[in-house]
Amino acid sequence: MAHILDLHLHSEASDDSRAPVEAYLKWLARKRDERPLEGLVLTEHRQFHAAGEYRELEDKYGVLILKASEVETDYGHVLVYGVNDDILKRFDFKNVRLPAQEVITEVARLGGIAMPCHPGRPTIGLIEHYGKRPPLEGVMGVEALNGGSKKGENERVAELIRQYGYHAFGGSDSHLVSFVGLCATEFDRDIKNMDDLVEALRVGGYRPVDFRSPRPQTQAAPEV
Amino acid sequence: MNTLYFDEIEEGDELPALDLFLSKDGVRQFAKTAGMYFPRFTDDEGARAEGLPGMIAPGVMSMGLLARMISDWNPAAVVKRIGTTFRSPVLPDCNVHLRGAVTQKNEEDHTADCDIWMENDDGERWVVGTATVTLPSKA
């Protein structure tokens with residue numbers, strides 16, 4: 001049973017992460033009071049990690065583990081949930097210039113959902129591309145809260161959501177063990193599997209949640 | 001700073017934060033000492049001519065500061081491996097905050113894996129990475 005899930009993080013299956021999945025789960029178990037997550041969605045870069053088998057870890061730690069992908073398009077990075085054989089036949093996830101409109105439309109037709117992530121980020125975020133080209137059709141939601149964003153990036157997304165009426169979700173975008181679950185998504189409905197997640201992301205009834213601690217006041221620091 | 005033995009650390013331990021003001025003179029001094037006295041590391045105009053927003057700290061300097069955080073935490077820790085991703089140029093003349101946490105203890109070789117990162121006052125993580133350290137044993 002899962003209502004709060006981190007919808008965006010990377011394990012050591014991604015080329016820029018060294019985080020083992022079990023280390024994420026152990027970290028969450030220690031931090032349960034601060035980050036009350038019930039599920040993780042592994043979104044490996046430019047691939048669907050079909051070989052990843054996490055059933056035993058789910059049982060051991062009592063956390064739902066789902067698999068998705070982060071692909072690269074001509075409108076920036078996009079998370080693909082509900083990846084299946086038809087989607088993998090239709091698109092080469094290694095292609096770093098996938099046509100975003102086709103990804104959004106075709107993934108939906110083939111049973112999944114594609115959602116732009118960190119849209120406020122320069123170059124690889126949706127907003128910069130919306131400034132130059134027509135908006136995409138069929139976008140249901142965007143990652144409004146990304147744990148790796150810089151100052152101002154998440155704020156820019158609020159205006160995008162206001163303008164286009166997108167649903168908003170959150171994810172840690174963790175590449176390190178200790179960052180897991182800092183940002184997540186809370187659902188009104190129970191998510192038991194990927195089908196539930198895809199359906200929920202389509203219809204709404206979810207919101208980003210922020211589990212980051214307030215930053216301490218900056219102290220005068222010794223010079224180096 | 002006291003020696004911490006393998007048995008005395010726990011997964012989840014946070015390394016004591018190292019907060020520093022990264023000065024331009026400090027970066028120049030590092031670049032000179034490291035044989036990297038190039039414009040991008042020494043003056044804003046030279047760096048801008050290379051397309052950078054201003055002079056930056058060398059990547060190995062950031063890695064060195066992260067290694068210093070580890071040795072400040074435990075002077076007996078031997079850094080076996082350190083790997084970083086540079087998410088943004090490190091622009092001096094500001095505070096930087098070095099952070100870390102023990103994420104995994106490896107009983108077979110008495111090593112520990114740590115997350116390590118450098119962030120600015122706004123919490124933007126400029127450099128993120130991991131390190132594996134060997135820790136002394138009491139036995």
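Just so it is clear, the structure is predicted and the values come from calculations on it, not from any experiment. By convention in this document, chain letters (A, B, ...) are assigned in the order of the sequence lines, proteins followed by strands, and residues within each chain are numbered from 1.
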Looking at B:Glu14, I want to see if its CD is surrounded by more than 12 non-hydrogen atoms of other residues, nucleotides or ligands under 6.0 Å.
no
Main chain of A:Ser178, side chain of B:Asp115: is a donor-acceptor contact present, judged purely on distance under 3.5 Å?
yes
Ignoring hydrogens and angles, tell me if any N or O in the side chain of B:Thr103 forms a donor-acceptor pair with the backbone of A:Val177 under 3.5 Å.
no
For B:Leu65, which atoms come within 4.5 Å of any heavy atom of chain A: side chain, backbone, both, or neither?
side chain
With no hydrogens and no angle check, is any side-chain donor or acceptor of A:Glu223 less than 3.5 Å from a backbone partner on B:Leu20?
no
Is there a side-chain contact between B:Arg125 and A:His175 in this structure, where contact means two heavy atoms from C-beta onward sitting under 4.5 Å apart?
no
Take atom CD of A:Gln163 as the centre, draw a 6.0 Å sphere, and report whether it contains more than 12 heavy atoms from other residues, nucleotides or ligands.
yes
B:Glu119, part contacting chain A, at a heavy-atom distance under 4.5 Å
side chain
Contact summary for B:Ala101 and A:Trp27, nearest pair of heavy atoms:
CB-CH2, 3.6 Å
Ignoring hydrogens, what is the shortest heavy-atom contact between A:Arg18 and B:Thr130? Give both atom names and the distance.
CD-OG1, 3.1 Å
Specify which of B:Gln29, B:Met61, B:Arg87 makes the most heavy-atom pairs with chain A at under 4.5 Å.
B:Arg87
I'd like to know whether A:Arg30 forms a salt bridge (charged side-chain N to carboxylate O under 4.0 Å, His left out) with B:Glu11, so could you lay out the CA-CA distance, the side-chain angles of the two residues, the decisive distance to 0.1 Å, and finally the verdict.
CA-CA 9 Å; A:Arg30 279 191 295 270; B:Glu11 293 177 352; 3.5 Å; yes
Value rounded to 0.5 Å, distance of OG1 in B:Thr85 from CG in A:Leu176
8.0 Å
Using non-hydrogen atoms only, which part of B:Asp25 is less than 4.5 Å away from chain A: side chain, backbone, both, or neither?
neither
